[in-house]
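Note sheet for the following structure.
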Amino acid sequence: MKIILLGAPGSGKGTLAKKISNDFHIPQISTGDLFRAIVKEDSPLGQKVKSLIDKGQLVPDDVTIEIVKKRTAEEDCRNGYILDGFPRTIDQAKALEKLTHIDSIILVDLSFDTIIKRLSSRRTCPACGEIYSLLNYTSSECEKCGAKLIQRDDDKPDVIQNRLEVYEKNTAPLINFYSDRLFKVSSEGTPDETYKSVKTFLESSEAK
Ligand code: ADP
Ligand code: ZN
């Protein structure tokens with residue numbers, strides 16, 4: 001099963017992807033996580049990617065498409081995968097159509113007000129990637145691995161604004177691109193509520 005998760009930054013794609021990944025035994029491919037790993041390598045590419053991410057801008061399509069091609073060719077992807085954060089432009093979506101057939105496209109829908117609240121209270125574990133919210137988690141350490149939680153630089157207010165503008169301009173047009181085959185889920189409720197309706201949808205499409 002191959003799945004795309006569409007949605008604005010902070011809409012809850014990553015949290016949802018992790019739940020699907022656990023239940024359906026397919027890997028989560030987060031291009032944001034792949035890029036953050038490249039940044040840690042401290043290569044010339046890493047430095048270029050870092051400066052784009054820090055500003056809330058997109059990494060160029062050719063670079064992005066290449067890393068997705070490479071990642072999806074790995075052994076653990078043979079039964080499918082969840083794309084979290086890709087495609088983010090029409091050109092990426094067209095490249096993906098050439099690469100493979102996608103079974104399900106899910107739009108994670110959230111109001112702008114809630115997005116801003118959630119992004120500014122988001123904390124992440126730099127060691128294992130777990131995502132937390134100050135709205136419901138008060139410890140400063142990761143529950144899973146004990147590492148000290150951080151606020152991503154691009155979750156700071158001035159960059160959030162820029163990421164949302166980039167989303168509106170480049171990524172929101174994908175909603176039209178996929179309009180005839182989009183499953184839309186609201187993420188205003190709890191992560192479990194959101195996941196429940198997605199799970200029902202995926203199970204019914206799997207049975208077809
Ligand atoms: P969020 O969805 O919360 O904005 P991500 O972790 O998905 O965060 O992405 C962080 C950054 O990585 C983006 O702002 C962008 O710079 C880069 N990035 C991630 N996915 C893509 C993509 N498909 N195309 C271009 N850049 C990307
Ligand atoms: Zn952790």
Side-chain angles (χ1 to χ4, degrees), residues 4-18 28-40 45-72 81-96 99 102 105-110 112 114-133 137 139-174 177 187:
I4 294 175
L5 295 184
L6 277 183
S11 59
K13 295 189 302 289
T15 306
L16 184 63
K18 287 193 173 66
Q28 167 195 16
I29 300 181
S30 156
T31 42
D33 285 349
L34 292 174
F35 285 138
R36 281 184 286 276
I38 290 174
V39 167
K40 278 192 189 154
L45 176 65
Q47 284 160 15
K48 184 178 166 204
V49 170
K50 181 177 179 352
S51 76
L52 292 168
I53 291 184
D54 285 352
K55 284 182 278 196
Q57 286 169 5
L58 294 182
V59 176
D61 283 340
D62 55 343
V63 177
T64 306
I65 291 162
E66 206 44 50
I67 67 152
V68 170
K69 270 191 190 160
K70 238 172 112 184
R71 178 65 189 89
T72 54
Y81 42 79
I82 308 150
L83 292 173
D84 162 14
F86 182 92
R88 243 178 169 91
T89 65
I90 297 279
D91 281 346
Q92 290 179 13
K94 287 181 178 161
L96 180 64
L99 188 68
I102 297 293
I105 304 166
I106 300 169
L107 172 64
V108 187
D109 198 34
L110 195 63
F112 261 46
T114 316
I115 285 175
I116 290 175
K117 258 183 233 143
R118 286 197 191 163
L119 280 178
S120 45
S121 60
R122 177 160 77 179
R123 295 295 180 270
T124 46
C125 173
C128 75
E130 190 67 19
I131 305 162
Y132 294 92
S133 168
Y137 189 79
S139 166
S140 61
E141 281 164 14
C142 177
E143 204 170 50
K144 297 246 160 92
C145 75
K148 196 164 163 32
L149 302 182
I150 56 155
Q151 179 174 39
R152 277 167 42 182
D153 281 333
D154 60 344
D155 279 344
K156 302 195 168 140
D158 45 332
V159 187
I160 290 178
Q161 189 56 38
N162 200 23
R163 281 160 67 207
L164 291 175
E165 281 165 20
V166 168
Y167 173 79
E168 273 306 312
K169 180 165 178 279
N170 298 283
T171 311
L174 288 177
F177 184 83
S187 163

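All heavy atoms count here, side chains included; hydrogens, waters and symmetry mates do not. Whatever order the structure lists them in is the order used to number ligands and atoms, beginning at 1.
Scanning the protein for heavy atoms near atom 26 (N) of ligand 1, the closest one is V59 N, 3.0 Å. The protein atom (non-hydrogen) at minimum distance from atom 8 (O) of ligand 1 is R152 NH2, 3.1 Å. Summary of contacts: the protein heavy atom closest to atom 17 (C) of ligand 1 is F35 CD1, 3.8 Å. Protein heavy atom closest to atom 9 (O) of ligand 1, with residue, atom name and distance, is R88 NH2, 3.5 Å. Nearest non-hydrogen protein atom to atom 23 (N) of ligand 1 is G85 O, 2.8 Å. Among all non-hydrogen protein atoms, the one lying nearest atom 15 (C) of ligand 1 is Q57 O, 3.5 Å. Protein heavy atom closest to atom 11 (C) of ligand 1, with residue, atom name and distance, is I53 CG1, 4.0 Å. Distance from atom 4 (O) of ligand 1 to its nearest protein heavy atom, with residue and atom name: R163 NH2, 2.8 Å.
Salt-bridge check for E141 with K148: failed, with every basic side-chain N at 4.0 Å or more from each acidic carboxylate O. One finds no salt bridge joining R88 and D61 here, because no Lys/Arg side-chain nitrogen approaches an Asp/Glu carboxylate oxygen to under 4.0 Å.
Atom NZ of K156 has more than 12 heavy atoms from other residues, nucleotides or ligands within 6.0 Å.
In terms of polar-atom proximity, defined here as any N/O pair under 3.5 Å, F86 makes no such contact with ligand 1. Considering both main-chain and side-chain atoms, R122 comes within under 3.5 Å of ligand 1 through a nitrogen or oxygen pair. The shortest N or O to N or O distance between D33 and ligand 1 is not below 3.5 Å.
In terms of modelled atom types and a separation under 3.5 Å, the side chain of D154 and the main chain of I160 share no donor-acceptor contact. Although no hydrogens or angles enter the test, the distance criterion places no donor-acceptor pair under 3.5 Å between the side chain of D155 and the main chain of Q151. The backbone N or O of A8 sits less than 3.5 Å from a side-chain atom of K13, completing a donor-acceptor pair. Judged by distance alone, the side chain of T64 and the main-chain N or O of P60 form a donor-acceptor pair under 3.5 Å.
In this structure, a donor-acceptor pair under 3.5 Å is present between the side chains of R118 and S187.
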Trace of the side-chain contact (heavy atoms from CB on, under 4.5 Å) decision for L52 with L58: CA-CA 6 Å; L52 292 168; L58 294 182; over 6 Å; no

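Taking all heavy atoms of R36, Q92, K13 into account, the minimum distance to atom 6 (O) of ligand 1 is reached by R36.
Atom CZ of residue F177 and atom OG1 of residue T89 lie 9.5 Å apart, to the nearest 0.5 angstrom.
Those atoms of ligand 1 that come under 4.0 Å of a heavy atom in T64, given as number and element, are 22 (C), 23 (N), 24 (N), 25 (C).
The proximity of K55 to ligand 1, defined as any non-hydrogen pair under 4.0 Å, does not occur for either the backbone or the side chain.
Angle SG(C145) to the Zn ion (ligand 2) to SG(C142), rounded to 10°: 110°.
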